[in-house]
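This is a predicted model, so every value here is computed, not measured. We count ligands from 1, going down the list as the structure has it; atoms in each ligand are counted the same way.
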Amino acid sequence: MEVPSFESVKVAVRVRPFNQREKNAGSRCVISMHSGTTTIIHDPKNPEHMKTFTFDLAYWSHSGFQRDKDGVLISTGSNSDFAGQKDVFRDLGQGILDSAWQGYNATLLAYGQTGSGKSYSMIGYGADKGIIPNVCEELFKATENKEKNQQYQVTFSMLEIYNEEVRDLLSKTKKPRGLKVREDQHQGFYVDGLTSVPCDSYAQIERLMEQGIKARTTAATSMNATSSRSHMVITIQFKQVFLDGDLTKQSIINLVDLAGSERQKSSGSEGDRLREGSRVNLSLTTLGNVISALADVAMGKRVLHIPYRDSVLTRLLQSALGGNSKTIMIAAISPADICYEETLSTLRYAERTKKIKNKAVINTSPTEKLIKQLKAENNRLLSRLAGLGNSGKRVADKTRELEHLLAKNQARLQTIQITWEHQLEEAQKEWEEQYSTITQERQMMKAFPYLFNVNEDPQLTGVLKHFILAGSSNVGQAASNKIILQGLGISDKHATFTNMDGEVTVMPQSKCRVVVNGVPTVTKTKLQHLDRVILGSNSAYLYIGFPSERSNDDVTRFDYDFFQSELAAAEGVSMDKLGAGNKRDGKVDPSVLAVFQDYIKLIPLVAEANQMSKELMKGLILELKVKNLTSSDSKGYDLQKEVIVKVTHRETREVWIWSKAKFINRKYLMEEIYRHFLDGEDIGVAQEDDPFWDPVEAIHLGSAHVWLQSLAYCMKLEEQAELLNSEGLEEAVVLINIIPCSSTGQAYSEDDMVIDPLELLGKRIDFQIQILKCLGVKWLQEDARRGIQIGYKIYDLQTTLYTKPVWKTVNAKIEETIHFVALNASHEFLNYLQKNALIVDLWGLQEGCAELNCTQKELTTWEGHVMVDVKTSPAEAASQATSNQMAELYLKLLKLEEETEVLRNRNRALREENVLLKDSLRGCAPGQGRYHKLSNKSRIITQPASHKDTPQTCSPRTSYDADFAKALKVFYQRMNIVRGQFLKLRHYRPPDDDQMLRPFIQRQSHLLKDIGELLEDSLWKLKNDVALIVKKKRESLVHTKYRGSSFP
Ligand SMILES: Nc1ncnc2c1ncn2[C@@H]1O[C@H](COP(=O)(O)OP(=O)(O)O)[C@@H](O)[C@H]1O
Ligand SMILES: [Mg+2]
């Protein structure tokens, strides 16, 4: 027995160039590398803050490159640190080859988030060939110089693990639920029945790989699977047979392109009733657990159990991790700031992996001895079989197991005994047909127009080609079609392509979805070179025209995102419409970019979910919507938007709103059921486990802003507020009054208003919110069985108040009044009233759903009041505020201070005027010192009772103030109207139809004009009123003076 070689897993990091999405976002690079081993990552939120990692190798593939004449990326010169495919192969690939020649098992794993460059390093793109093809090519090159008494045997297999099922990528038949992973005392874990093709040239391997990727692509399109969630494993068995020494040296090389490592948080199941799609990530999670456990072992910690057996992937990789293999991991990372969290997590993962210690041995075995061993074992198995009883289930199971082992040993014996040449010959025969199709395809590409597939994963793009031969070709799932296409939403006979007179057209069958350049078509449509065609829910193809139409086109421009953006544009969603027009320093607002990316990511998923719902007869209709959160901001600021999915049941008209995370989770669960359905299995699930089902719930329909400013001036507000939905369309109108009142609920009159809200500081404020009616509720117009409730939350009240439910009426009478009290009005509260709106939410109730809790009873004091502006102690407040909130609070504070300053100035000006007036009064009416006190009154218009006490002589003074107050009141009321119109204007959406654009703009400019006129008019009126008051005052002063001078 050889002495094992103890070695740690070797780890390399590679950072790729920016991709288009990152460039669009104006991303910054957060990675730097030094001396070939050090990787530094900078926190974009805090650039001082950085982390340094050291690995065996650090590859800078981010910049300093150019394309050579063959299209290969190479370094720009000696001052560039660029590492190309050749460099990576030299360090890592060569190591694998050396191991293989020595008889060690070798494993190469590529880890990283989707799009980070795993497949680029492993397989490569076009002329930039990755490690796998290079390893294979070099292996065969070296075997060409073989010595006479040696034989080299190479076999190749390729599999994919998706959702814990193993799919043989080289098999022509598909096994439902995939192949089984079994355990064997010689081999360890292995995939039972996996195709393993004997090869004797690199060309053969190249074609097999092409075949395997094709199978993967077909599976991804027809089985509706996401390649980013699947692992691909290529296994090369390399045997060196020393013919005269009766010795075989064997190496198993595993090359693993892992599923995207992105953490589940962003696409997980938080907030969903149902768990995350159960087994979608099991393999990757278990791999993480195995690596952590092994890293602990290496650190000398006591570890009881390494969970290899918990997933398919870790079973197959058992020897690669901590066992008999020389193992390398390549950690692929994105350079962009927007990927910081993911990249950091990848680097941490790599850090743990590098600690793992393996013990590789050279695998040699004497051939004769092996034959003897196998024969002896067969005899043992036979006698055990004979010894078993002949009844009972356990016996039957055992018999089956022993028979299986026996058959396998026989097969192994056979492979050893049949000559290698014979095996090669057989393989060659079997694959001939496949090889010839590939060669034929290359010829046809030069002669005919064709469609090629565009996949979300660029590695799978351009793999499937469908040629459009002269005449007409039907397309669809049925075998009778000239072009057979599998895929969600593709009918048996879906469409007809016609190639005639140098023209290609597509004609959809009735009700079959065909989308050309983003627009659904129902008629015969002529195709132009590079047109984008979507068939069914989401099978995307690029049309390549006749050879004469082609030039040096860059087809990579038409990637998956391009297709989806085109669809979004047709639905009226684009970056510009979402608000990317407001660029800050040339950079698109990252939040707008994020919503847009979410939107185009979900378009195909929603189409697929709808199709599955249809085929499984679940009756759900899903619609993608962009929700504008402005309506939930009490200041009416343009807040972030988010993507939501509205779900409606076709028959019951029940409605649900799903968040993006919930939808993605449900989508995976739906796929699981759908795959079983396609496999012809029973798909009955209990209602509570059904991803297509949820209990009915109250739905948020829309919100209205009711500005509270008038309350700050003790003025009554009677509003008819439009409740707008998240798209800015009217859902209903709510009649709501906000009435300042006395402690007993007596409404204040017009004369009770104040000029400066600060006068209310520290005083008791009583007011009532009356919700009278909700008119023209669309929710009920759609379905009369429904109901509504209205909810609102004011200032620091911890809970939302809901009105009682009203069912089955389009114009709901609500008539609820709540009396609020602020005992000791704070600065903050008064500011809040001036700057904020009350958000009134309309909730839709549907049959069988729980009504929203009306909690006002629990909140009211014994007097029947609800208390607001109840201060928390600073310590309490501070402990509640997280650091995030602190920043927000600080900004608010600054703003408040600014506002206070304005108010102070206003106050000062008024006071000065007061003093002036007083002085002149004093000057003209000496001895009437009591006017002094009046100016200190909190309300300019005093309570009626005190009115009576006021001597007649005061009346001119009070009347000016009252006039002034009235003028201001009129002004505020008009300003409220202006504000309302302005908000309305902001909610208007431009129409999708270009024809309607002109009337829209006209309406818009009319409104703007109205607002302008109203503003000017109000200002003019205010000036006029004030001028009148001043004039009146002067006149009266003159009058008093005159009187005064005439009296003494
Ligand atoms: N080192 C690199 N140099 C140039 N382009 C790269 C590199 N790594 C990745 N890319 C490009 O980035 C995209 C995503 O890479 P890919 O390898 O498919 O990601 P993954 O397999 O991790 O999902 C591809 O278009 C690929 O060409
Ligand atoms: Mg990939």
Side-chain angles (χ1 to χ4, degrees), residues 12-24 27 29 31 33 57-68 71-76 80-89 91-92 108-134 158 160-162 169 209 212-213 216-217 219-220 225-234 255-262 284 329-336 339 342-343 345-346 349-350 454-463 554-562 601:
V13 187
R14 186 177 195 187
V15 59
R16 61 158 170 75
F18 284 134
N19 62 26
Q20 198 53 48
R21 201 179 286 183
E22 290 159 350
K23 282 186 203 155
N24 291 347
S27 298
C29 175
I31 299 294
M33 286 178 168
L57 290 154
Y59 290 114
W60 182 257
S61 302
H62 177 64
S63 60
F65 56 84
Q66 61 188 25
R67 282 205 187 277
D68 72 2
V72 178
L73 290 189
I74 54 161
S75 147
T76 45
S80 153
D81 295 332
F82 178 74
Q85 298 284 58
K86 277 269 168 308
D87 303 294
V88 177
F89 171 72
D91 299 333
L92 306 181
L108 175 65
L109 302 160
Y111 183 88
Q113 73 180 112
T114 301
S116 60
K118 297 181 296 295
S119 305
Y120 184 90
S121 285
M122 295 297 272
I123 295 180
Y125 283 84
D128 291 308
K129 277 201 246 169
I131 300 172
I132 302 177
N134 277 316
M158 196 166 173
E160 180 176 47
I161 303 170
Y162 187 82
L169 293 173
M209 224 148 69
I213 292 178
R216 203 178 177 203
T217 310
T226 314
S227 64
S228 68
R229 289 209 166 196
S230 75
H231 313 273
M232 188 186 74
V233 183
I234 287 180
L255 304 155
V256 189
D257 192 350
L258 291 168
S261 63
E262 46 277 9
L284 204 63
M329 175 185 276
I330 180 156
I333 56 174
S334 153
C339 296
E342 283 303 336
T343 302
S345 131
T346 299
Y349 197 91
V454 175
N455 195 285
E456 186 181 10
D457 183 346
Q459 186 67 224
L460 306 188
T461 289
V463 171
D554 174 23
V555 292
T556 56
R557 196 157 72 83
F558 303 105
D559 61 1
Y560 195 68
D561 276 7
F562 189 99
K601 186 178 169 213

Peer 1: Below 2.8 Å, can you find an N, O or S atom of Ser119 next to the Mg ion (ligand 2)?
Peer 2: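 Yes, Ser119 qualifies, because one of its backbone or side-chain N, O or S atoms lies under 2.8 Å.
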
Peer 1: If you apply the rule side chain to side chain contact (heavy atoms under 4.5 Å, CB included), what do you find for Leu108 with Val256, and how did you get there?
Peer 2: CA-CA 6 Å; Leu108 175 65; Val256 189; over 6 Å; no

Peer 1: On a heavy-atom basis, I'd like to know which of Gly117, Ser119, Gly126 is closest to atom 15 (O) of ligand 1.
Peer 2: Gly117

Peer 1: Under 4.0 Å, counting heavy atoms only: does Pro17 come that close to any atom of ligand 1?
Peer 2: yes

Peer 1: Quick check: Val15 and ligand 1, any N/O pair under 3.5 Å apart?
Peer 2: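 So ligand 1 has no N or O lying under 3.5 Å from an N or O of Val15.
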
Peer 1: Inspect the contact between Lys86 and Asp91 and indicate whether a charged nitrogen and a carboxylate oxygen are less than 4.0 angstrom apart.
Peer 2: no

Peer 1: Distance check, rounded to the nearest 0.5 Å: Ile234 atom CD1 versus Met158 atom CE?
Peer 2: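 Taking CD1 in Ile234 and CE in Met158, the distance rounds to 4.0 Å.
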
Peer 1: Do Ser61 and Arg14 have side-chain N/O donor and acceptor atoms under 3.5 Å apart?
Peer 2: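 Yes, a side-chain donor-acceptor pair sits under 3.5 Å.
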
Peer 1: I'd like to know if Arg14 contacts ligand 1, where contact means a heavy-atom distance under 4.0 Å to any ligand atom.
Peer 2: yes

Peer 1: Treating Ser27 as the side-chain partner and Lys23 as the backbone partner, does any N or O pair qualify as donor plus acceptor under 3.5 Å?
Peer 2: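 Not at all, since once roles are kept as given, no pair shorter than 3.5 Å links the two residues.
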
Peer 1: Could a heavy atom of Met122 be found less than 4.0 Å from some atom of ligand 1?
Peer 2: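 In this structure, Met122 fails to qualify as a contact of ligand 1 - no heavy atom is under 4.0 Å.
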
Peer 1: Rounded to the nearest 0.5 Å, how far apart are CG of Leu258 and CD of Gln113?
Peer 2: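 The CG atom of Leu258 sits 14.0 Å away from the CD atom of Gln113.
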
Peer 1: Return yes when Thr114 approaches ligand 1 closer than 4.0 angstrom through a heavy atom, no otherwise.
Peer 2: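 It does; at least one heavy atom falls under 4.0 Å.
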
Peer 1: When you compare ligand 1 with Asp257, is there at least one nitrogen or oxygen pair between them that comes in under 3.5 angstrom?
Peer 2: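 No - when backbone and side-chain N and O of Asp257 are compared with those of ligand 1, no distance drops under 3.5 Å.
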
Peer 1: Heavy atom of Gly112 under 4.0 Å from ligand 1?
Peer 2: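 Distance cut 4.0 Å: Gly112 fails for ligand 1.
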
Peer 1: Under the criterion side-chain hydrogen bond (donor to acceptor under 3.5 Å, both in side chains), which of Glu22, His62, Arg21 is the partner of Ser334?
Peer 2: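 Considering Glu22, His62, Arg21, a side-chain hydrogen bond (donor to acceptor under 3.5 Å, both in side chains) with Ser334 is found only for Glu22.
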
Peer 1: What's the separation between atom OG in Ser228 and atom CD in Glu262, rounded to the nearest 0.5 Å?
Peer 2: 6.0 Å

Peer 1: When you measure from atom 2 (C) of ligand 1 to each heavy atom in Tyr111, Trp60, Tyr125, Tyr120, which option holds the nearest one?
Peer 2: Tyr120

Peer 1: Would Gly115 count as a contact residue for ligand 1, given that I'm defining contact as a non-hydrogen atom of the residue lying under 4.0 Å from a ligand atom?
Peer 2: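 Contact check Gly115 vs ligand 1: positive.
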
